[in-house]
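Okay, so here's the structure we're looking at.
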Number of protein chains: 2
Amino acid sequence: MSQINHQRYYDCEDCLFKTISCQYIQKEEFEKLRSKSIQLKYKKGEVILKQGAKSTHFLFLRKGIIKFNYEDENGKNLILSINKAPALIGGANLVNAEFNLFSVCAIEDCEGCTIDVALLTRIALGNTLYLFKMLQFITDVFRSSIFNFISLAHKQVNGRIADILIFLSQNIYMNNDFVLSLSRQEFAEFAGCSKENVIHTLRKFHNEGLITLEGKKIILNDPERLQKISKHG
Amino acid sequence: MSQINHQRYYDCEDCLFKTISCQYIQKEEFEKLRSKSIQLKYKKGEVILKQGAKSTHFLFLRKGIIKFNYEDENGKNLILSINKAPALIGGANLVNAEFNLFSVCAIEDCEGCTIDVALLTRIALGNTLYLFKMLQFITDVFRSSIFNFISLAHKQVNGRIADILIFLSQNIYMNNDFVLSLSRQEFAEFAGCSKENVIHTLRKFHNEGLITLEGKKIILNDPERLQKISKHG
DNA sequence: ATTAAAAACTGCATTATTTCATCTTTGAAT
DNA sequence: ATTCAAAGATGAAATAATGCAGTTTTTAAT
């Protein structure tokens, strides 16, 4: 991710963050933000924000898919949430500014730009409607994780995996037919079970005709029946 | 909870919410908030905010212990978080105002007062430091639930129950020796397992000398060893 | 194209968890 | 004080999930 010369990969004119911001703040204000921001590219697998590190900036994710990852004291990983662009990442610390509770990693190639937290906060403090909009943006990222939480807490692995398949098709890939960005290990870290259990369960769904599985390619043949399994059928 | 005549149970002078508020806003502003607020008492078991209902007010919880409860489509309950006073409840909707995602129920007798959301928002919009403070207050309530999430997601029942015992002693009762406010069923809804599993596991911990169990009374005899079990030992 | 390493897969033994049937204790209501 | 209902407790059988060992497939590097 090292960009010595801060090259620009894309034009800021069509950026959603600019569009939204300029509904609330003056173009000159936005220009201050933009002048301090750096465009970055991340390859699949790269760490965008590191758990335990100090957040010096937000990242406006313009393109790509990311995971929120928590690593426990035994080195075991847990995926709390998966999100796709556009999203404002790193906002967990806007209110209670401290260290990153989680890592954020690219699970597909990503593009985005850094946003100076201190400057954004200063501007937002002078414009509460903008502040509210930014808070909404930030909390959006966490909204989906609540439902994964609920799924984990009181469903068995069948239901949890059905939930994840539905979630991915409806919220990430926007299609019943997609190429999974996660390894089986990562899928297991999202579902809160062993990778063998993921493999067995996906195979079972395949054998029952619920899904078609060809390596990383997954087709949901029967989303309604998956919904039933999710509802513990 | 019906208070036809809005009787006052306690004096507002020593209220933490007033103390904090008046560090940021004028006494006259606070008086507007206070004049619209109603003091309420809830008995153990009473619903304070109902899942699916519209939030017309926050509750500043002055005394007592509450649970955040989610009821799924099959009528199964799940406890997302347990919190004690003081806390500002119902703030999930400050930013994205819609319907309550969860119920909030008293698990010990509670006292608190309603706070008009629209008025608090209006005042906070005119005073961003106060707004930040309120947001901090609100997010505090959710902070602890993240760690329960993590515990649920990648620990077995032994570890989850150890985690809950430690959480309750350190964050709720502030003592190694406490009288549990939860039924075994509710404990199971917090731990994400069957009530029999809770009973078996608590009994096992008791037999191993880790805890002393006398009905609702629990003593943590060996918090260090519980920590080890939590860390999957 | 060949090789090595990583990821995916499989079946099975072990362990964990739920479910069920039954019994005991506790607490509230009459 | 008695009764009833709810909560707590227990053990055993059935089901679910993990962890292991070994095999195949995929991916990346030379």
Side-chain angles (χ1 to χ4, degrees), chain A residues 43-46 72 74-79 107-109 151-164 179-208 211-218 229-230 232-233, chain B residues 43-46 67 74-79 107-109 151-164 179-208 211-218 229-230 232-233:
Chain A
K43 286 222 177 310
K44 178 170 177 159
E46 264 191 286
D72 77 1
N74 307 315
K76 217 173 143 187
N77 288 304
L78 166 67
I79 297 179
I107 59 171
E108 288 294 339
D109 291 357
S151 173
L152 274 170
H154 67 165
K155 290 181 185 174
Q156 308 207 140
V157 170
N158 273 348
R160 303 211 293 262
I161 289 184
D163 274 344
I164 289 175
V179 177
L180 191 65
S181 317
L182 302 167
S183 69
R184 299 296 193 260
Q185 178 61 43
E186 284 177 312
F187 201 120
E189 287 163 2
F190 197 29
C193 66
S194 67
K195 68 174 189 302
E196 291 90 342
N197 206 342
V198 170
I199 293 168
H200 287 311
T201 304
L202 288 178
R203 180 60 50 198
K204 194 178 66 186
F205 286 175
H206 173 91
N207 292 339
E208 289 168 354
I211 65 173
T212 302
L213 198 61
E214 285 172 42
K216 294 272 187 188
K217 200 182 163 203
I218 295 179
I229 291 174
S230 155
H232 213 147
Chain B
K43 287 225 178 306
K44 177 170 178 159
E46 267 191 284
K67 65 173 176 180
N74 307 314
K76 216 173 143 186
N77 288 302
L78 165 67
I79 297 179
I107 59 170
E108 288 294 338
D109 291 357
S151 174
L152 274 170
H154 67 166
K155 288 182 188 176
Q156 309 208 139
V157 171
N158 273 347
R160 303 210 294 261
I161 289 184
D163 274 344
I164 289 175
V179 178
L180 192 65
S181 315
L182 302 167
S183 69
R184 299 296 193 260
Q185 178 62 44
E186 286 177 311
F187 201 120
E189 287 163 1
F190 197 29
C193 66
S194 69
K195 68 174 190 303
E196 290 91 340
N197 206 342
V198 169
I199 293 168
H200 286 148
T201 305
L202 287 178
R203 179 61 51 197
K204 193 178 66 184
F205 286 175
H206 173 91
N207 292 340
E208 289 168 353
I211 66 173
T212 301
L213 199 61
E214 285 172 43
K216 295 273 189 188
K217 199 181 162 200
I218 295 179
I229 291 174
S230 155
H232 214 149

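Each chain gets a letter, A, B and so on, in the order the sequences are listed, and its residues count up from 1.
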Rounded distance in Å - [atom1] ([X]) to [atom2] ([N]):
X	N	atom1	atom2	result
A:H200	C:dG11	NE2	P	8 Å
A:N197	C:dC12	CG	P	17 Å
A:K204	C:dA8	NZ	P	20 Å
A:L213	C:dA7	CG	C1'	14 Å
B:K216	C:dG27	NZ	C1'	11 Å
B:N158	C:dT15	CG	C1'	12 Å
B:L152	C:dA16	CG	P	18 Å
A:K195	C:dC9	NZ	C1'	10 Å

Under 3.5 Å: donor-acceptor pair, side chain of [X], backbone of [Y]:
X	Y	result
A:D72	A:N74	yes
B:R160	B:K155	yes
B:D109	B:K44	yes

- Task: Applying side-chain contact (heavy atoms from CB on, under 4.5 Å), run through A:I218 and A:L180 and close with a yes or a no.
- Result: CA-CA 7 Å; A:I218 295 179; A:L180 191 65; 4.1 Å; yes

- Whether over 12 other heavy atoms sit under 6.0 Å from B:K216 NZ: yes

- What are the residues of residues 184-194 of chain A, sorted by number, that bring a heavy atom to within less than 4.0 Å of DNA chain D? A:C193, A:S194

Show me the donor-acceptor pairs within less than 3.5 Å that the side chains of residues 189-198 of chain B make with the rest of the protein, sequence neighbours left out.
unit_1: B:E189; atom_1: OE2; unit_2: B:Q185; atom_2: NE2; d: 3.2
unit_1: B:S194; atom_1: OG; unit_2: B:N197; atom_2: N; d: 3.2
unit_1: B:N197; atom_1: OD1; unit_2: B:T201; atom_2: OG1; d: 3.2

- Message: Using a heavy-atom cut-off of 4.0 Å across all strands, would you classify A:E196 as base, sugar-phosphate, or nothing?
- Response: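 The answer is base, as A:E196 lies within the cut-off (heavy atoms under 4.0 Å) of a base atom.
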
- For B:L202 and B:I161, what are the C-alpha separation, side-chain angles and deciding distance, and is it a side-chain contact (heavy atoms from CB on, under 4.5 Å)? CA-CA 8 Å; B:L202 287 178; B:I161 289 184; 3.9 Å; yes

- Message: Pair B:L213, B:F205 - check side-chain contact (heavy atoms from CB on, under 4.5 Å), show working.
- Response: CA-CA 9 Å; B:L213 199 61; B:F205 286 175; over 6 Å; no

- Message: Return whichever of A:I199 or A:Q156 has its heavy-atom-nearest nucleotide of DNA chain C closer to the 5' end.
- Response: A:I199

- Item | Heavy-atom closest contact (A:E108 atom, A:S181 atom, distance) | OE2-OG, 2.7 Å

- Just the endpoints, please: which first and last nucleotides of DNA chain D, 5' to 3', lie under 4.0 Å from a heavy atom of chain B? D:dG8 to D:dG11

- Task: With DNA chain D as reference, determine whether A:V157 or B:L202 sits nearer its 5' end, using the nearest nucleotide of each.
- Result: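 It is B:L202, whose closest nucleotide lies nearer the 5' terminus.
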
